[in-house]
Structures are given as C-alpha cells and as structure tokens.
Amino acid sequence: MSDMNAFRGAVTAWAAGESGDPARELAGRLSVRTVVLLEGLSDAAAVGALAARDGRDLAAEGVCVLPMGGAMNVGRFSALLGPRGLGLRLTGLCDEGELGHYARGWRRAGAGGDGVFVCAADLEDELIRALGVERVTELVREQGDFRPLRTFLRQPAQRGRDPGQQLRRFLGTKKGRKIHYGRILVAAGGGARAPAPLDGLLAAL
C-alpha cells in the first residue's frame with residue numbers, strides 16, 4: 001500500500017507541474033494497470049471500504065484509487081495516465097452533474113466513452129438511499145453525532161426538506177465527516193450489494 005501511495009503522490013505532483021519520471025518509474029515497478037479517478041477523498045474512502053469488505057487488495061491487483069481534488073481536474077489526470085500518457089486503463093466514479101468533465105477528459109485522452117460510473121446526485125445520496133434514512137440515523141447516533149444532527153435539523157433551511165437530503169447535507173457540514181461516513185455507510189451494508197454505481201465500479205476492476 002505504501003508503494004501505491006507513493007505512486008499516487010507522484011502522479012499528483014506530476015499533474016501539478018513536476019517531473020513525471022517518478023510516476024513512470026513507479027508505474028512500471030508496481031505493475032499498475034488501472035487508475036480509478038475520483039472527485040475527492042470521501043469517494044476514495046468508500047471505494048477502499050467496499051474493496052476491503054469484499055476481501056480485495058486493490059493495490060496488490062495493480063489498481064490505484066486516485067482522488068483528484070475535484071472533477072474539473074479529470075482532463076489533466078486522464079491525459080497523463082490514459083492511452084496517450086502512461087497507457088493505463090482508466091475508470092472512475094462521479095456525480096451526474098460532473099459527467100461532462102469526465103466525458104471530455106476521457107475523449108481528449110483517447111480513452112473512449114465508457115468506464116465512468118455515475119451517481120444520481122452524489123455517492124452519499126446513493127449510500128443513504130441504499131441503507132435507508134432510519135439506519136443512517138442510527139449510525140449517526142452510534143458515531144456520537146446525533147446532537148450535532150439535531151442542531152442541524154433545527155436550522156430554518158432544513159425545514160420541509162426530504163429526510164434523506166437533510167442527512168446528505170449534514171454529512172458535508174464538517175471537514176472530514178464525509179470521508180468518515182463514506183467508510184461507515186459502506187461497512188454498514190454488510191453482505192448486501194452496494195449502490196449500483198459503486199458496485200459496478202468494483203466489479204469492473
């Protein structure tokens with residue numbers, strides 16, 4: 001895992017304008033075959049948790065899960081890593097509203113039009129709908145966040161909102177909360193199938 005973390009860091013530095021030589025060397029040494037381009041850290045946490053739940057070691061399989069810091073960066077990363085760059089297979093997970101960024105990035109990288117799995121709103125929304133509001137609320141209570149949730153729900157902006165959307169908004173109100181609950185909500189699914197976009201992504205790796 002530490003070596004794949006090094007590859008991830010080298011690619012991120014390359015995308016920021018540094019030399020690509022470390023990424024090239026690590027890609028060959030680690031036999032990297034696929035890169036999963038994700039919008040952010042919470043998505044990466046959920047993908048990692050589902051892989052672990054299924055008993056898979058993605059790094060050992062030559063798969064790099066790479067959060068890009070926003071969907072608008074997909075063009076840069078796909079150009080460096082895809083068919084016209086390192087020649088790696090690209091796949092990814094994104095919100096429906098960000099699909100255009102991925103489609104353009106894939107096309108410019110010569111990666112074709114498939115390989116992107118799309119969440120209707122975002123991954124948190126998919127996980128909440130899969131588990132149900134009652135179960136997610138129980139998990140929030142178990143994690144010690146029920147008091148902040150109650151305070152959040154008393155805000156005027158939350159009145160009249162669908163309970164699932166209230167929970168989704170709550171998960172984004174504190175730094176690190178979406179990352180934490182990405183792991184928690186996936187693990188809570190037990191042996192049940194994950195939401196379709198996440199399940200499809202893992203099945204394709």
Side-chain angles (χ1 to χ4, degrees), residues 1-95 98-119 122-123 175-176 178-184 186-187 194 197-205:
M1 177 63 77
S2 60
D3 285 340
M4 193 60 80
N5 285 340
F7 174 69
R8 187 181 300 112
V11 170
T12 301
W14 188 14
E18 296 183 23
S19 171
D21 290 343
R24 292 188 188 94
E25 188 275 328
L26 284 164
R29 178 157 60 83
L30 300 176
S31 300
V32 180
R33 60 177 180 83
T34 299
V35 179
V36 184
L37 294 177
L38 301 172
E39 294 184 52
L41 293 170
S42 61
D43 300 317
V47 170
L50 183 59
R53 197 184 87 180
D54 290 350
R56 295 181 61 180
D57 183 343
L58 295 182
E61 295 176 26
V63 176
C64 176
V65 177
L66 200 161
M68 303 177 292
M72 289 185 291
N73 295 320
V74 70
R76 185 180 310 125
F77 280 94
S78 58
L80 296 177
L81 300 169
R84 294 172 183 164
L86 291 185
L88 303 175
R89 175 175 173 249
L90 301 179
T91 188
L93 182 79
C94 71
D95 304 344
E98 308 294 354
L99 180 57
H101 294 298
Y102 272 74
R104 287 188 293 274
W106 252 235
R107 186 167 56 251
R108 292 169 183 166
D114 59 359
V116 182
F117 296 84
V118 183
C119 301
D122 57 24
L123 184 54
K175 185 176 181 181
K178 287 174 70 173
I179 299 170
H180 175 70
Y181 278 96
R183 299 188 184 98
I184 295 296
V186 167
L198 193 55
D199 187 58
L201 173 66
L202 264 290
L205 296 178

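Only a predicted model underlies this, so the values are computations on that prediction, with no experimental measurement involved.
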Any donor-acceptor N/O pair, Thr91 side chain to Gly115 backbone, under 3.5 Å: yes

Nearest atoms (heavy-atom pairs only) where Cys94 meets Val116: SG-CG1, 3.7 Å

Nearest-0.5 Å distance that lies between atom CG in Asp43 and atom CG in Asp95: 7.0 Å

Which atom of Arg89 lies closest to which atom of Ala204, heavy atoms considered: NH2-O, 2.9 Å

Closest approach of Leu86 to Ala23 (non-hydrogen atoms, all atoms of both residues): CD1-O, 4.4 Å

Euclidean distance, Cys64 SG relative to Arg8 CZ, rounded to 0.5 Å: 4.5 Å

Nearest atoms (heavy-atom pairs only) where Ala111 meets Leu90: CB-CD1, 4.1 Å

Check against side-chain contact (heavy atoms from CB on, under 4.5 Å), Val11 and Val35: CA-CA 11 Å; Val11 170; Val35 179; over 6 Å; no

Separation between CZ of Arg33 and CD of Glu61, rounded to the nearest 0.5 Å: 6.0 Å

side-chain contact (heavy atoms from CB on, under 4.5 Å) between Arg76 and Trp14, intermediate numbers included: CA-CA 10 Å; Arg76 185 180 310 125; Trp14 188 14; over 6 Å; no

Full working for side-chain contact (heavy atoms from CB on, under 4.5 Å) between Arg29 and Phe7: CA-CA 10 Å; Arg29 178 157 60 83; Phe7 174 69; over 6 Å; no

Step-by-step side-chain contact (heavy atoms from CB on, under 4.5 Å) determination, Val32 to Leu26: CA-CA 8 Å; Val32 180; Leu26 284 164; over 6 Å; no

Within-4.5 Å side-chain heavy-atom neighbours: Leu37 and Trp106: yes

Side-chain heavy atoms of Leu123 within contact of Ser42, under 4.5 Å: no

Note, Leu202 side chain near Arg56 side chain (heavy atom, < 4.5 Å): yes

Distance in Å, Ser78 OG paired with Arg104 CZ, rounded so as to fall on 0.5 Å steps: 11.5 Å

Close side-chain approach of Leu93 and Leu198, heavy atoms under 4.5 Å: yes

Neighbour count >12 (heavy atoms, 6.0 Å) for atom CZ, Arg108: no

Nearest non-hydrogen partners of Glu39 and Tyr102, listed with the distance: N-OH, 3.7 Å

Closest contact, heavy atoms only, Leu41 versus Pro67: CD2-CG, 3.7 Å

Atom pair CG (Leu81) and CG (Leu88), whose distance is rounded to the nearest 0.5 Å: 6.0 Å

